[in-house]
Undergrad: 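Handing you a structure now.
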Amino acid sequence: MEQYNHKKIEEKWQKQWEKDNAFRSYNDTDKKKFYALIEFPYPSGDGLHVGHIRSNTAMDIIARKRRREGYNVLYPIGWDAFGLPTENFAIKTGRPPQEITKKNTDTFRRQLKALGFSFDWTREINTTDPSYYKWTQWIFLKLFENDLAYKKKMPINWCLDCKTGLANEEVVDEVCERCGGEVEIREKEQWLLKITKYAERLYDDLGKVDYIESVKTGQRNWIGKSEGAQIEFKIIGRELESSVNIFTTRPDTLFGATYLVLAPEYPEILSYQSHISNWGEVEAYIKEAKSKKDIERTAESREKSGVALKGVSAINPANKEEIPIFVADYVLAHYGTGAIMAVPAHDARDYIFAQKYNLPIKVVIDPREYFFLKDVPDDSLTGSKLAKIDKEENFGEAVKKNKKRLRDLILNGKCCYTGEGHLVSSGEFIGMTSEEAKEKITKKVGGKMKTTFKLRDWIFSRQRYWGEPIPIIHCEKCGMVPVPEKELPVLLPEVKQYKPTDTGESPLSAIDEWVNVACPQCSGEAKRETDTMPNWAGSSWYYLRYTDPHNADVLAGKEARNYWLPVDWYNGGMEHTTLHLLYSRFWHKFLYDISVVPHDEPYAKRTAHGMILAPDGSKMSKSKGNVINPDEVVERLGADTLRVYEMFMGQFNESVRWQTDNIAGSRRFLEKVWRIFEKTSEGAWLSAELERKLHQTIKKAGEDIEQMRFNTAVSALMILANAFEKEKEVPLSAYKTLLALLAPFAPHIAEELWERCDEKVSVHGEPWPSYDEEKTKEDELTIAVQINGKVRGEITVPPDAGEEEIKKQALSLPATLKWTEGKTPANVIYVPGRLVSIVV
RNA sequence: GCCGGAGUGGUGGAAUUGGUAUACAUGUACGACUCAAAAUCGUAUGGCGCAAGCCUUGUGGGUUCAAGUCCCACCUCCGGCACCA
């Protein structure tokens, strides 16, 4: 037989599959369905990354397995093509983004096809295609109609390089997530989507989806649900009677609130102006705080600063004491109500502030048995030392003494205790536990229990060219008027200049003939909205379009979406936890509310792949020049080798280093499978041992694929191939089983050898091999013999040997006699099928 | 600071969830084949020791007949969040 020629084989079968439309899925409602999804790539100019291949191969394996298990499988592909890199490239070269996108998607398509993924190419979509973004705009109109899209003047993060506003999620470490450019705060009119209205559902419904835990906790932390109380404090001054609502998670400490703090942006401050005697000072502080970025405010080693509002004060509703009011930038305007009650004895930040400004510290919680302490600024007892005092049995007298001393410190207000406990100095609530007191105190002072979220509304407008135009028309008479549905899509006009402007206006605003339109309502003079949508828009619903990608009348036909949704298994990167994944859950829930989709969650199951790092362990990046080019690997070693290597290289959900040396192993494995074909014979005898190995491999490979343990699945196939190689003759049927198992990993070589085995129909249509549990079992058990916990020997027994018999054998083993030195064993433990443990 | 995840041979990694640690691969050494090389095949390969044996899963304790796996404390690395009241 000739040598394994990957090039010839891969080209041959790719052509054949294309011709046969082998992986096309039909909206066949009689068959059980399986929807497998990977994040559709952004077609960057750099071409496909080896990281894409990891995720795609994994889902490809699962999709192929499901097809062979009888499912109607949808495994689609498309392009998330709007976005800044393309636009920036357009500015640099003067070529239209449409043209650049076309070129890049052509490259990606060629590369993906060369890897033999079983995508249904007839469903290919592109977010920049007007027939696609028509529906992105349609969803926006629905959001607008339902009062979930609004425009607001607000300070936003402005990227100086990209010259556009960014969503909060897009600012990472003070810089723009995309370009790494500097971000400044600008006051601008922006479109926002009310994702906060869905915060609770986005949070709670994580309970009913099968996502990996890290994604769930990532989203939970980002949404940041916290339960507490909203309590009203009266504000008094000369000729002033007002009030401020504060939010707290610790209403049980209300009696310890010794001052009030307002955020610098707190709007009501202005109305107190005439009552504040030191207004000049206050105003200056506010002005300075506002000019600082969030990050600056939190940096500066958490130094607290603030200014007292002289002339006004608040009344603590619990004990009616008059307490001072401060404005301080450690309170954030956008969280809670923008105002807090400060309880220095039981909040670390308040404690530091109170010490600095000499404010009273009033202890209201006695820790008693609770000793989880943190952030304690007492020199003698730092946080980490205190953390040790949590389990009495682990520590001796010294700690017990310390604990007592510590409680004294806390009760005397000498250090700050943030945990819960029993109430002291709290009127009628003395002696209650924190938990009990929370609701009771809130009720007593007329407050209400409230849930607050960290999540903020989604800043949805970008002042750039290469995005979906927001389909709104501004009319002086009628206000904001949605573009009528029948006029969708609002097409991106052709422009000469893609360059964004420093003034913060989209490049679209320069095109008068596009901007000036008649108002759809009054036909008067009006102007189009010139902001575009962020690149997250198109990707928020693309899985839905795949179900019926060519539908011109609706975003997807009802039958198609009811049949295919939800996505059964979605694999992607961890970097999208709080971006795409959260956004699309939000849109989906909205679409569910307006009865477009049949379920309220888009993805039933979400898994994540680890990153592929450069050989030195750093991130692959073009600037470092350590990017692995898949084309070159495919050319030299073949797509099958690359696929097998990427599955074998390490645990799928963890990041792994690319090691060029190790690819050879995957190639050698395929060559071995190729060579074994020569040894196959129809009449060859299948030994019991080989048969057992075969069944064990079918079992292991199948189970491992389901759990995305692809590395051990490949290893199992290697072990089987090694066993075959040792044989003189390999039964053809056994060899074909190996090919059937290998097919999802290395589809080309498996198909070629399958054909050489005289099969007429594709291996990819072959039912998934099944195994017989009985046949996976060894016919002899090796039982280890331990003496005092150390393995000293082993015995071989038939699988049906009784416990007594095995113990007897173990005890009479020469090694046993040697190590027990004739002493009578105190205990003999038998672990079925594993070992005998003898204790002397 | 908080929340995730990880730490096992020269290297990537296995280990049926408490039961013979180092599967599979890679690298290295030696051997076979060869005029030679490549490829392939075979043998060896955690450490110490001539050996019997002892030690070994980041460190230190603990539970257990038995710990990579469970408990406690600590160290290091990666990722996310971070004045969120």
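Note that the structure is a prediction, hence the values are computed from the model and not measured. Here is how names work: the chains are called A, B, and so on, in the same order as the sequence lines, proteins then strands, and each is numbered from 1.
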Undergrad: Does any residue of residues 694-711 of chain A have a heavy atom under 4.0 Å from RNA chain B, and if so, which ones, in number order?
TA: A:R709, A:N711
Undergrad: With hydrogens left out and only the distance checked, is there a donor-acceptor pair under 3.5 Å joining A:S715's side chain and the base of B:C24?
TA: no
Undergrad: With a 4.0 Å limit, can you tell me whether A:S666 has a side-chain N or O closer than that to the phosphate oxygens OP1/OP2 of B:A25?
TA: no
Undergrad: Pick the closest RNA chain B nucleotide for A:G789 and for A:R792 by heavy atoms, then say which residue is nearer the 5' end.
TA: A:R792
Undergrad: Select one nucleotide: of B:A85, B:G27, B:A21, the one nearest the side-chain heavy atoms of A:I340.
TA: B:A85
Undergrad: Is A:R668 near enough to B:U26 that one of its side-chain N or O atoms lies under 4.0 angstrom from OP1 or OP2?
TA: yes
Undergrad: Taking only the C1' atom of each, what is the distance from B:G58 to B:U8 in whole angstrom?
TA: 10 Å
Undergrad: Between B:A67 and B:C77, how many Å separate the two C1' atoms, rounded to a whole number?
TA: 24 Å
Undergrad: Measuring only the P atom in each nucleotide, how far is B:A37 from B:C30? A whole number of Å is fine.
TA: 12 Å
Undergrad: So which of A:I61, A:V644, A:D704 actually passes side chain to side chain contact (heavy atoms under 4.5 Å, CB included) with A:F710?
TA: A:I61
Undergrad: Below the 4.0 Å mark, does B:A6 have OP1 or OP2 next to a side-chain nitrogen or oxygen of A:Q651?
TA: no
Undergrad: Using atom CE of A:M649 as one end and atom C1' of B:G13 as the other, report the distance to the nearest whole Å.
TA: 12 Å
Undergrad: Expressed as a whole number of angstroms, how long is the span from A:L637:CG to B:U26:P?
TA: 13 Å
Undergrad: For A:L613 and B:U11, what is the distance between atoms CG and C1' respectively, to the nearest whole Å?
TA: 15 Å
Undergrad: What I want to find out is whether A:K777 reaches A:E774 closely enough, with some N-O distance under 4.0 Å, to be called a salt bridge.
TA: yes
Undergrad: Would you say the rings of A:W222 and A:F453 are close, in the sense that their centroids are separated by under 6.0 Å?
TA: no
Undergrad: To the nearest angstrom, how far is A:R657 atom CZ from B:G7 atom C1'?
TA: 13 Å
Undergrad: Salt bridge or not for A:K438 and A:E420, using N-O below 4.0 Å?
TA: yes
Undergrad: Looking only at the side chains, is there a donor atom on one of A:N245 and A:T337 sitting less than 3.5 Å from an acceptor on the other?
TA: no
Undergrad: When the distance from CG of A:N221 to C1' of B:G79 is rounded to whole Å, what number comes out?
TA: 13 Å
Undergrad: With ring centroids as reference points, do A:F353 and A:F326 lie under 6.0 angstrom apart?
TA: yes
Undergrad: Tell me which nucleotide among B:A85, B:C24, B:U26 gets nearest to the side chain of A:N662.
TA: B:U26
Undergrad: Where the side chain of A:W222 is concerned, which of B:A85, B:C83, B:C81 is the nearest nucleotide?
TA: B:C81
Undergrad: Short of 4.0 Å, heavy atom to strand atom, which residues of residues 716-726 of chain A count as contacting RNA chain B?
TA: A:M718, A:I719, A:N722, A:E725
Undergrad: Considering every strand and a 4.0 Å limit on heavy-atom distances, what is the contact class for A:T217: base, sugar-phosphate, or nothing?
TA: nothing
Undergrad: From C-beta outward on A:V831, which listed nucleotide comes closest to its side chain: B:A14, B:G19, B:G12?
TA: B:G19
Undergrad: Using the C1' atom as the reference point in each nucleotide, state the distance between B:G18 and B:U69 in Å, no decimals.
TA: 7 Å
Undergrad: Taking all atoms of both residues into account, what is the closest heavy-atom pair of A:V730 and A:F724, and its distance?
TA: CG2-O, 3.5 Å
Undergrad: Using a strict cut-off of less than 4.0 Å between a Lys/Arg side-chain nitrogen and an Asp/Glu carboxylate oxygen, indicate whether A:K225 and A:E200 qualify as a salt bridge.
TA: yes
Undergrad: Is the shortest side-chain N to carboxylate O distance from A:K450 to A:E227 below 4.0 Å?
TA: no
Undergrad: Can you check B:G49 for me, syn or anti if syn means within 90° of 0?
TA: anti
Undergrad: In whole angstrom, give me the gap between the P atoms of B:C78 and B:A44.
TA: 40 Å
Undergrad: A:T712 side chain: which of B:A15, B:G19, B:C83 is closest?
TA: B:A15
Undergrad: Taking the six-membered ring for Trp and the single ring otherwise, decide whether the centroids of A:Y259 and A:Y357 are under 6.0 Å apart.
TA: no
Undergrad: Starting at atom CG of A:L254, determine the distance to atom P of B:A85, rounded to an integer number of angstrom.
TA: 17 Å
Undergrad: Where do A:N316 and A:A257 come nearest, in terms of heavy atoms and distance?
TA: ND2-O, 3.2 Å
Undergrad: Using atom C1' in both nucleotides, what's the gap between B:A38 and B:G46 to the nearest angstrom?
TA: 32 Å
Undergrad: Between B:C70 and B:A25, how many Å separate the two P atoms, rounded to a whole number?
TA: 29 Å
Undergrad: Using a cut-off of 4.0 Å on non-hydrogen atoms, how would the nucleic acid contact of A:Q659 be classed: base, sugar-phosphate, or nothing?
TA: sugar-phosphate
Undergrad: Report yes if a donor N or O on one partner sits less than 3.5 Å from an acceptor N or O on the other, where the partners are the side chain of A:K304 and the base of B:C83; otherwise report no.
TA: yes
Undergrad: Would A:K304 pass as a cation-pi partner of A:Y330, given that its NZ or CZ must be under 6.0 Å from the six-membered ring centre and within 45 degrees of the axis?
TA: yes
Undergrad: In whole angstroms, how far is the P atom of B:C65 from the CD1 atom of A:I783?
TA: 21 Å
Undergrad: OP1 or OP2 of B:A39 sitting under 4.0 Å from any side-chain N/O of A:R675?
TA: no
Undergrad: Just the rounded figure in Å: distance from C1' of B:A85 to NZ of A:K225.
TA: 18 Å
Undergrad: Under a 3.5 Å cut-off on both pairing distances, which runs of 3 or more consecutive Watson-Crick or G-U pairs involve RNA chain B?
TA: B:1-7 with B:75-81, B:10-12 with B:24-26, B:27-32 with B:40-45, B:46-48 with B:53-55, B:58-62 with B:70-74
Undergrad: So if I take every side-chain heavy atom of A:K790 and compare against B:C55, B:G4, B:G19, which nucleotide ends up nearest?
TA: B:C55
Undergrad: Would you call A:E773 and A:K699 a salt bridge, taking side-chain N to carboxylate O under 4.0 Å as the test?
TA: yes
Undergrad: State whether the number of non-hydrogen atoms from other residues, nucleotides or ligands found under 6.0 Å of A:E575 atom CD is greater than 12.
TA: yes
Undergrad: Looking at B:C24, B:C41, B:U26, which one has an atom nearest to any side-chain atom of A:F648?
TA: B:C24
Undergrad: Please determine if A:E265 and A:K290 form a salt bridge, counting it only when a charged side-chain N lies under 4.0 Å from a carboxylate O.
TA: no
Undergrad: So which one's nearest nucleotide on RNA chain B is more toward 5', A:N827 or A:M574?
TA: A:N827
Undergrad: Base, sugar-phosphate or nothing for A:T577? Non-hydrogen atoms, less than 4.0 Å.
TA: nothing
Undergrad: Between B:A36 and B:G31, how far apart are the P atoms? Round to whole Å, please.
TA: 13 Å
